[in-house]
Participant: 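Quick one: structure below, then a few questions.
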Amino acid sequence: MSFSFKDMNPAENYILNQEEPYRGVLLFLQTFIENTIPELELKYKYKIPFYYLEGRPFCYLNQSKNYVDLGFWMAAHIEKNKPYMTKAGRKVMRSLRYRSLEDINPEILASVLKEAYGLKDQKFYK
């Protein structure tokens, strides 16, 4: 099933065009992220939904293989929630990975979002 609405944000089209269970995971994450940090702006960059805060990248959503990646731009600085995140061969970026809605722990997700928000003024690298 494919959706396309002329006036819809391309990032929202990306989310709606994913197959289940990934569409459900992405929709949940979109709602959760926007309710947790309302000042984020959803854009479509690098062919994926990317959230920006005060004009700077914050986090992204990417359906890849058999999971959804919620990657954080300031991941190099995340310490408190580092055990819940994967680097998966990347040098700096870290992400939370979800294969289904049941994989999402809202308390951990909220904690990672709030920690990342607290790092918003940091540079990309440590």
Side-chain angles (χ1 to χ4, degrees):
M1 176 180 258
S2 180
F3 297 95
S4 183
F5 299 100
K6 196 174 185 178
D7 296 329
M8 188 174 283
N9 181 324
E12 292 170 338
N13 274 334
Y14 172 96
I15 291 168
L16 291 174
N17 282 313
Q18 301 306 313
E19 293 184 17
E20 290 297 348
Y22 312 113
R23 178 176 37 233
V25 171
L26 288 162
L27 286 167
F28 177 87
L29 291 173
Q30 178 187 13
T31 302
F32 195 96
I33 291 166
E34 292 173 6
N35 284 328
T36 303
I37 307 173
E39 54 269 44
L40 290 176
E41 181 182 2
L42 181 60
K43 296 184 177 189
Y44 189 70
K45 299 284 185 173
Y46 315 108
K47 299 183 182 180
I48 58 174
F50 224 111
Y51 280 99
Y52 278 70
L53 179 63
E54 298 170 2
R56 296 179 65 197
F58 182 78
C59 68
Y60 65 84
L61 298 167
N62 185 28
Q63 194 280 307
S64 179
K65 300 180 186 175
N66 62 345
Y67 57 84
V68 171
D69 231 8
L70 171 56
F72 289 85
W73 196 254
M74 296 302 162
H77 303 281
I78 291 177
E79 294 297 330
K80 177 182 170 192
N81 291 288
K82 189 189 279 187
Y84 304 111
M85 303 180 84
T86 181
K87 280 184 95 173
R90 298 170 289 196
K91 292 181 179 181
V92 179
M93 296 296 291
R94 286 194 196 110
S95 62
L96 296 169
R97 285 207 171 149
Y98 305 110
R99 287 181 168 74
S100 69
L101 284 169
E102 293 76 26
D103 290 346
I104 300 172
N105 180 321
E107 288 151 3
I108 292 171
L109 177 56
S111 182
V112 172
L113 287 166
K114 289 173 185 172
E115 182 178 3
Y117 181 80
L119 300 167
K120 67 181 178 174
D121 296 322
Q122 297 292 322
K123 297 198 183 298
F124 182 74
Y125 292 104
K126 267 189 168 180

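Every heavy atom of this structure was used, including side-chain atoms; hydrogens, water molecules and symmetry mates were not.
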Participant: Step by step, work out the side chain to side chain contact (heavy atoms under 4.5 Å, CB included) result for Phe58 and Ile37.
Facilitator: CA-CA 11 Å; Phe58 182 78; Ile37 307 173; 3.7 Å; yes
Participant: Test Asn66 against Tyr22 for side chain to side chain contact (heavy atoms under 4.5 Å, CB included), laying out the working first.
Facilitator: CA-CA 8 Å; Asn66 62 345; Tyr22 312 113; 3.5 Å; yes
Participant: Report the C-alpha separation of Ile48 and Tyr14 in whole Å, then their side-chain angles, then the decisive distance to 0.1 Å, and conclude whether the side chain to side chain contact (heavy atoms under 4.5 Å, CB included) test is met.
Facilitator: CA-CA 7 Å; Ile48 58 174; Tyr14 172 96; 4.1 Å; yes
Participant: Between Ser111 and Asn81, is the side-chain hydrogen bond (donor to acceptor under 3.5 Å, both in side chains) condition met? List the steps.
Facilitator: CA-CA 7 Å; Ser111 182; Asn81 291 288; 3.1 Å; yes
Participant: Hydrogens and angles aside, do Glu39 and Tyr51 bring a side-chain donor and acceptor to less than 3.5 Å of each other?
Facilitator: no
Participant: To the nearest 0.5 Å, what is the distance between CD1 (Ile15) and CD (Gln30)?
Facilitator: 4.0 Å
Participant: Got a second to check how far Leu29's CG is from Leu109's CG, nearest 0.5 Å?
Facilitator: 6.0 Å
Participant: Please report the interatomic distance CZ(Arg97) to CG(Asp103), rounded to the nearest 0.5 Å.
Facilitator: 12.5 Å
Participant: For Ala75 and Arg94, work out which heavy atoms get closest and say how close.
Facilitator: O-NH1, 2.6 Å
Participant: Is the side chain of Glu41 donor-acceptor paired with the backbone N or O of Lys43 at a distance under 3.5 Å, no angle test?
Facilitator: no
Participant: Ring centres of Tyr60 and Phe50 under 6.0 Å apart?
Facilitator: yes
Participant: Determine yes or no for a side-chain-to-main-chain donor-acceptor pair under 3.5 angstrom, with Asp69 supplying the side chain and Gly71 the backbone.
Facilitator: no
Participant: Under 3.5 Å, is there a donor-acceptor pair between the side chain of Arg90 and the main chain of Lys87?
Facilitator: yes
Participant: Taking all non-hydrogen atoms of both residues, which atom of Leu42 and which atom of Glu12 are closest, and how far apart?
Facilitator: CD2-CG, 4.1 Å
Participant: Would you give the length of the straight line joining atom OG1 of Thr31 to atom CG of Leu27, rounded to the nearest 0.5 angstrom?
Facilitator: 6.5 Å
Participant: Rounded to the nearest 0.5 Å, what separation is found between the CG atom of Leu70 and the CG atom of Leu26?
Facilitator: 9.5 Å
Participant: Drop me the distance from Tyr117's OH to Leu40's CG, to the nearest 0.5 angstrom.
Facilitator: 8.5 Å
Participant: Looking at every heavy atom in both Leu101 and Gly24, which two are closest together, and how far apart are they?
Facilitator: CD2-O, 3.6 Å
Participant: Which heavy atom of Lys47 sits nearest a heavy atom of Tyr44, and at what distance?
Facilitator: O-OH, 3.3 Å
Participant: Using every non-hydrogen atom in the two residues, find where Glu79 and Glu115 come nearest and quote the distance to one decimal.
Facilitator: N-OE2, 2.8 Å
Participant: So for atom CD, which belongs to Glu20, do other residues, nucleotides or ligands contribute more than 12 heavy atoms lying within a distance under 6.0 Å?
Facilitator: yes
Participant: Run the side chain to side chain contact (heavy atoms under 4.5 Å, CB included) test on Val68 and Asn62 for me, step by step, so that the C-alpha distance in whole Å, both residues' side-chain angles and the decisive distance to 0.1 Å come before the verdict.
Facilitator: CA-CA 6 Å; Val68 171; Asn62 185 28; over 6 Å; no
Participant: Just by modelled atom types, is the Ala88 backbone N or O under 3.5 Å from a matching donor or acceptor in the Thr86 side chain?
Facilitator: yes
Participant: Can you tell me if Tyr67 and Arg99 form a side-chain donor-acceptor pair at under 3.5 Å?
Facilitator: no
Participant: Which pair of heavy atoms, one from Met85 and one from Val112, lies closest together, and at what distance?
Facilitator: CE-CG1, 4.2 Å
